[in-house]
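Accompanying notes for the structure given below.
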Amino acid sequence: MAVDVGVFLPMLQADGEGQAAEFAAAARRAEELGFESVWASGHLTGRAPMLDATVTLATAAAVTTRIRVGHGVLTLPVHQVASLAQQLASLQYLSQGRLLLGVDTGGSAWAQWRGGLVDTPAWAAAGVPYEERDERTDRALEQLRGLLVGYPTRVGDTELSLRPRVGWPPFLIGGEPAADLRRAVRHGGWFPNLASPAYLARMIPRLRALAAESRDTAPGVSVAVPATLDATGTGERRAGPVDAVAHRYGIDAERAAATLVEGTPERAAEKLVEFARAGADRIVLSFSDADWRTQYELAARAMESARAVLPARRTATAGSQTSCGGWARVTLDVERETGTYAFTNPLGDDALPADLAEALEEGVREGLAGQDRVVRVHRAWVHEVDAHPGVFRAAGRKAVTEALAALAAERAEAAGR
């Protein structure tokens with residue numbers, strides 16, 4: 001599937017009485033239904049009762065084995081970085097590497113997400129001036145990069161090393177201003193919310209341009225959007241959910257309609273496909289309906305319908321990352337239908353030089369073994385010191401071979417139903 005789909009865990013209703021067991025149940029059900037990830041918000045206070053996101057995600061991780069657990073998102077400047085690093089490292093360790101770390105400065109649309117407030121008392125309680133949010137975010141991100149993997153890292157006047165060492169979780173940077181986009185490039189992931197497919201299509205070229213300027217790989221793109229699904233709807237857009245989203249987030253009806261995933265599972269699947277084709281790698285759905293069980297079931301149906309038309313996506317690594325022999329990692333989208341061959345590289349020569357692209361296409365043709373399919377380069381990691389054509393050829397062959405095997409397995413499963 002060329003896009004991952006995650007869901008937010010339920011929101012507390014009223015005073016939260018009787019809901020404690022629902023978070024573990026929701027995480028288990030999300031895993032059973034095949035979602036890639038479950039998410040929790042990180043507000044201190046807001047329009048609804050708030051649970052600590054890290055504790056909530058630890059609960060989800062404890063009752064599951066595969067599904068990833070994501071912060072959506074942490075307001076990084078209001079946290080004491082050493083304590084936060086230990087909490088995140090513990091969650092990454094105990095979940096066996098399933099953490100996704102969404103963060104922002106507190107100055108983006110995330111501040112109002114899922115019951116949050118722009119004028120939150122968290123800043124005053126933490127003793128952090130709001131106007132210092134960018135500087136503090138940048139410093140904390142760099143410190144977390146070292147602390148989480150056990151590197152000696154300067155925190156205040158002290159050099160600190162944490163144990164046990166854990167792998168870096170993906171860093172997903174919220175926000176839309178230029179400074180946030182640069183952070184996303186630096187740390188490898190962008191995570192806007194309330195963004196439409198058209199908005200992503202406009203912004204992703206900007207991300208790629210910033211990445212080319214700094215000679216970085218273009219970041220992955222996740223997006224969080226509100227969703228309201230209906231099993232018996234007509235498939236036509238309804239004014240009620242759109243108006244509710246517009247009111248809840250203070251946006252106009254046009255933006256709300258462009259962002260919202262709503263209607264029947266079939267209609268919702270069409271929206272998921274739009275997001276994927278606009279460039280989203282991950283879509284995270286947030287439901288305001290207290291009946292999360294029904295919403296999860298309908299969203300899973302939408303996900304399966306979207307999967308049936310989206311390309312197969314595979315990431316493959318070739319070579320050695322620890323020797324001078326060179327290495328390459330590529331992500332390719334392989335169309336499901338045969339009949340036409342095309343190899344497209346929308347990344348451009350700055351991100352993937354022509355000689356490496358040519359070698360990658362050679363590997364793609366070898367992997368296709370005579371099949372005519374459209375193959376698109378979604379992402380490529382190029383390290384100038386050791387990148388050479390041979391490893392890109394091998395990575396292309398491996399990615400296509402695995403994609404074709406996955407498509408064959410899907411066909412066989414469908415035939416056996």
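We're numbering straight along the sequence, starting at 1.
- Under 4.0 Å is where a charged nitrogen must lie from a carboxylate oxygen, and between Arg307 and Glu304 at least one such pair does.
- Side-chain contact annotation: Asp134 with Thr137, donor-acceptor N/O pair under 3.5 Å absent.
- Taking 4.5 Å as the limit, some side-chain heavy atom of Leu407 sits within range of a side-chain heavy atom of Arg373.
- Taken to the nearest 0.5 Å, the CG atom of Leu229 stands 11.5 Å off from the CD atom of Glu297.
- A salt bridge links Arg139 to Glu135: at least one charged side-chain nitrogen sits closer than 4.0 Å to a carboxylate oxygen.
- The environment of Gln96 atom CD is sparse: at most 12 non-hydrogen atoms of other residues, nucleotides or ligands sit within 6.0 angstrom.
- Counting all heavy atoms, side chain and backbone alike, Ala122 lies closest to Leu44 at CA-CD2, 3.8 Å.
- Counting heavy atoms from C-beta on, the side chains of Lys271 and Glu274 come closer than 4.5 Å.
- Because its NZ or CZ atom is not both nearer than 6.0 Å to the ring centre of Tyr199 and within 45° of the ring axis, Arg255 does not count as a cation-pi partner of that residue.
- Summarising the geometry of Arg202 relative to Pro205, their closest heavy-atom pair is O-CD, 3.5 Å, with the distance given to 0.1 Å.
- Annotation: side chain to side chain donor-acceptor pair (under 3.5 Å) contacts of Asp157 (sequence neighbours excluded): none.
- A salt bridge links Arg29 with Glu32; the closest basic N to acidic carboxylate O contact falls under 4.0 Å.
- Between Phe191 and Trp39, the ring-plane angle classifies as tilted under the 30° and 60° cut-offs.
- Shown here for Val330 and Gly396, the closest heavy-atom pair between the two residues is CG2-N, 4.2 Å.
- By the 6.0 Å contact criterion, OH on Tyr151 is open, its count of non-hydrogen atoms from other residues, nucleotides or ligands being 12 or less.
- The residue from Leu99, Leu144, Val149 that alone fulfils the side-chain contact (heavy atoms from CB on, under 4.5 Å) condition with Trp168 is Val149.
- Using a cut-off of 4.0 Å between Lys/Arg side-chain N and Asp/Glu carboxylate O, Arg282 and Glu36 are scored as salt-bridged.
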Stepwise side chain to side chain contact (heavy atoms under 4.5 Å, CB included) test for Leu101 and Leu172
CA-CA 6 Å; Leu101 183 55; Leu172 311 175; over 6 Å; no
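- Contact detail for Tyr296 and Ala26: the closest heavy-atom pair is CE2-O, 3.6 Å.
- Environment of CZ in Arg154: crowded, with over 12 heavy atoms of neighbouring residues, nucleotides or ligands closer than 6.0 Å.
- Counting heavy atoms of neighbouring residues, nucleotides and ligands inside a 6.0 Å radius, atom OH of Tyr249 exceeds 12 of them.
- The minimum heavy-atom distance between Pro192 and Ser222, with the atom names listed, is CD-O, 3.0 Å.
- For the atom pair OG1 of Thr338 and CG of Leu368, the computed distance is 11.0 Å after rounding to the nearest 0.5 Å.
- Here the shortest heavy-atom pairing between Arg133 and Gly107 reads NE-CA, 3.9 Å.
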Apply side chain to side chain contact (heavy atoms under 4.5 Å, CB included) to residues Ile283 and Val225 and explain how you reach the verdict.
CA-CA 7 Å; Ile283 304 164; Val225 294; 4.0 Å; yes
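- For Glu254, the side chain to side chain donor-acceptor pair (under 3.5 Å) test picks out no residue, with sequence neighbours left out.
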side-chain hydrogen bond (donor to acceptor under 3.5 Å, both in side chains) evaluation trace for Asp281 with His378:
CA-CA 10 Å; Asp281 301 297; His378 178 70; 2.3 Å; yes
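- Of the charged side-chain nitrogens involved, none lies within less than 4.0 Å of a carboxylate oxygen, so that Asp216 and Arg186 do not count as a salt-bridged pair.
- Using modelled atom types, one finds a donor on one side chain and an acceptor on the other under 3.5 Å when comparing Asp230 with Thr232.
- Annotation: side chain of Phe35 is not in contact with side chain of Ser37 (no heavy-atom distance under 4.5 Å).
- No more than 12 heavy atoms of other residues, nucleotides or ligands sit less than 6.0 Å from atom CD of Gln86.
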Would you check, one step at a time, whether the test side chain to side chain contact (heavy atoms under 4.5 Å, CB included) holds for Ile67 with Arg98?
CA-CA 7 Å; Ile67 200 164; Arg98 290 186 278 151; 4.2 Å; yes
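- Under the 4.0 Å criterion applied to side-chain N and carboxylate O atoms, Arg379 and Asp333 are not assigned as salt-bridge partners.
- Under a 4.0 Å N-O distance rule, the pair Arg397/Glu366 qualifies as a salt bridge.
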